[in-house]
Amino acid sequence: MEQEQTLKITKIKDGIVIDHIPAGKAIKVLSMLNVGENSRHTISLAMRVRSEKRGFKDVVKIENRNVAEEELSLISLIAPEATVSYIEGFNIKEKRMLKIPEVISGILKCPNQNCISNSKEPVQSVFRVINSNPLIAKCDYCEREFKGNELLGKQ
Amino acid sequence: MIKNRSIITIDDISDDDLNEILTAADEMDRSLKSKKKINILDSRVMCTLFYEPSTRTRLSFESAMHRLGGAVITMADVKTSSVAKGETLADTIRMADAYSDIIVIRHPLEGAARLASRFTSKPVINAGDGSGQHPTQTIMDLYTIKKEIGRLDGLNVVLLGDLKYGRTVHSLILALSKFNANIKLISPPSLRIPEYLINRVKNKKSLEILDTMDGNISDADVLYVTRIQKERFTDPNEYQSLIGSYSINNSVMETMKKTSIIMHPLPRVDEIAPEVDQDPRAAYFRQAANGVPVRMAIVAKVLGGI
């Protein structure tokens, strides 16, 4: 069943496949990767594909693009159980399970407007993950705790 | 041991550290009263950086350092210093690091003291950051409670007023919860304690969130009053209609235990009527005076003088 559904999108020659994204979150994942209307990559997107594990899931395929470690951390915050497959010549070269990092540095802005990390000081934002699913992380500067939607809302 | 360590939040102080500080503060208090000369920090320099106005905190830190035989350098006015020219806090701290042995900072942004501690090898003491933490005020409050009531454990404590922005109460709630206090938090609904802070209290059952003083303060050992700031309200009439129900006067005092105490971080405006000052339970001026021996104990411990 899963095989049949996944085939709704064609195989890609080179690029990445992000699978097991929670149903409905694929567009958020693409926006995290800054893939928008100006993107030069061919993108396939399947939403609400039937999945044995979780009922429904989303799948994203981006041709001729790689993902950086930083981007993987960011995706893991929205899709903590996603897998990323690196495809070369139609074959899976490497498959990685995403994992929420213990420390999220530099990629998120502190939602607390009054936090020093949002000023022009020469520091990166740092959050320590207190709980991964649902995501709760604490700013290393103002020490406030934030839920996933608060952290990701304005990114 | 807090020797050579920064004090950014109350969590930086272990239970043992706290006990040692409270004992040392008692000794400092005795020395001050006996006019004995204490020269344990001779030739050491404190740099005070106050990016926000402060009277008690700044004066008591500076007095504490002078009383210990040390010297104080300060940025007289943020408006005329390099900060006004756009210098980052990080750069100012690097400079203070070169000029002093300990840095005391108050800043309007939350997390400023933590950031400062990452740009210096010298200990940094947080003297208040935004509506964040103010750990030395908390230690001073605990010292006052212990000195006035004789113990810290298992007290009934009521915190009244602005519990949302009032930075002094945030650290205090976390500290009191460690001492098994039963805590009542009484505030107007718009100035309630932030949820992130409640989440940090281990025993949430010991907290009661209330809107009114009526019937809720008669069993209090400590009534801690904070200032409700006019500027928190968009409608001045709302402030006027509300302030009366969160103010203490002699008739409110009559409903309280004879052995209780009233505390306030000061400055007070309308929250405590001047008539209450004569009541022996009014502890707020004694509380402010405790700032010097407590900060002497903290600075001396951090700089290894005792």
Side-chain angles (χ1 to χ4, degrees), chain A residues 22 25 28 32 69-70 73-74 76-80 99-155, chain B residues 6-12 49 51-52 78 82-95 105-120 124 126 128-135 138 164-165 167 170-171 173-174 193-202 232:
Chain A
K25 301 277 188 192
K28 188 91 187 166
M32 290 288 170
E69 281 300 318
E70 243 181 26
S73 303
L74 208 48
S76 75
L77 303 178
I78 313 160
K99 196 169 166 266
I100 292 186
E102 284 171 17
V103 177
I104 310 165
S105 300
I107 49 178
L108 298 173
K109 251 172 81 83
C110 181
N112 174 11
Q113 287 304 308
N114 210 27
C115 175
I116 190 93
S117 69
N118 286 323
S119 65
K120 60 181 168 95
E121 298 297 329
V123 290
Q124 285 192 328
S125 70
V126 178
F127 294 90
R128 290 179 196 280
V129 173
I130 290 171
N131 193 48
S132 14
N133 203 2
L135 177 66
I136 298 172
K138 181 176 172 184
C139 171
D140 210 27
Y141 289 96
C142 70
E143 310 215 339
R144 294 206 183 193
E145 287 177 16
F146 300 99
K147 294 177 190 151
N149 58 348
E150 294 173 297
L151 277 171
L152 298 165
K154 287 177 192 162
Q155 305 301 321
Chain B
S6 289
I7 300 176
I8 309 298
T9 82
I10 196 68
D11 295 338
D12 293 328
L49 300 171
Y51 291 78
E52 263 193 339
V78 175
S82 51
V83 174
K85 296 170 194 155
E87 184 174 70
T88 61
L89 176 61
D91 282 0
T92 306
I93 294 297
R94 287 177 174 126
M95 174 208 75
I105 179 170
R106 168 172 289 188
H107 197 281
L109 295 179
E110 288 167 44
R114 176 72 69 201
L115 181 137
S117 71
R118 294 194 174 148
F119 287 89
T120 171
V124 172
N126 184 3
D129 56 349
S131 51
Q133 294 249 352
H134 191 2
T138 306
K164 184 176 182 182
Y165 300 102
R167 75 180 125 212
H170 293 173
S171 310
I173 290 165
L174 296 178
I193 188 95
E195 205 188 320
Y196 78 90
L197 214 95
I198 297 176
N199 290 337
R200 291 184 58 193
V201 175
K202 287 205 176 72
R232 303 287 182 210

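By convention in this document, chain letters (A, B, ...) are assigned in the order of the sequence lines, proteins followed by strands, and residues within each chain are numbered from 1. This is a predicted model, so every value here is computed, not measured. Just so you know, these numbers use all the heavy atoms, side chains as well, and skip hydrogens, waters and symmetry mates.
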How close do [X] and [Y] get, heavy atom to heavy atom, and via which atoms?
X        : Y        : answer
A:Asn114 : B:Pro108 : ND2-O, 3.5 Å
B:Leu109 : A:Ser119 : CD1-CB, 4.0 Å
A:Cys142 : B:Glu110 : CB-CB, 3.6 Å

Reported [atom1]-to-[atom2] distance for the pair [X] and [Y], which is rounded to 0.5 angstrom:
X        : Y        : atom1 : atom2 : answer
B:Glu87  : A:Lys120 : CD    : NZ    : 8.5 Å
B:Arg200 : A:Arg144 : CZ    : CZ    : 11.0 Å
A:Glu143 : B:Ile8   : CD    : CD1   : 9.0 Å

Do A:Ile116 and B:His107 pass the side chain to side chain contact (heavy atoms under 4.5 Å, CB included) test, and can you show the C-alpha distance, the side-chain angles, and the key distance before you say yes or no? CA-CA 9 Å; A:Ile116 190 93; B:His107 197 281; 3.9 Å; yes

Partner set under ring-ring contact (aromatic ring centres under 6.0 Å, His included) for B:Phe119, not counting sequence neighbours: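 So B:Phe119 forms no ring-ring contact (aromatic ring centres under 6.0 Å, His included) with any residue.
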
Is the side chain of A:Glu121 donor-acceptor paired with the backbone N or O of B:Ala90 at a distance under 3.5 Å, no angle test?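 Answer holds: yes.
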
Is A:Asp140 in contact with chain B via its backbone, its side chain, both, or neither, using a 4.5 Å heavy-atom distance?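 Both backbone and side chain of A:Asp140 come within 4.5 Å of chain B.
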
Is it the case that more than 12 heavy atoms not belonging to A:Lys25 sit under 6.0 Å from its NZ atom?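 At most 12 heavy atoms, drawn from other residues, nucleotides or ligands, come within 6.0 Å of this atom.
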
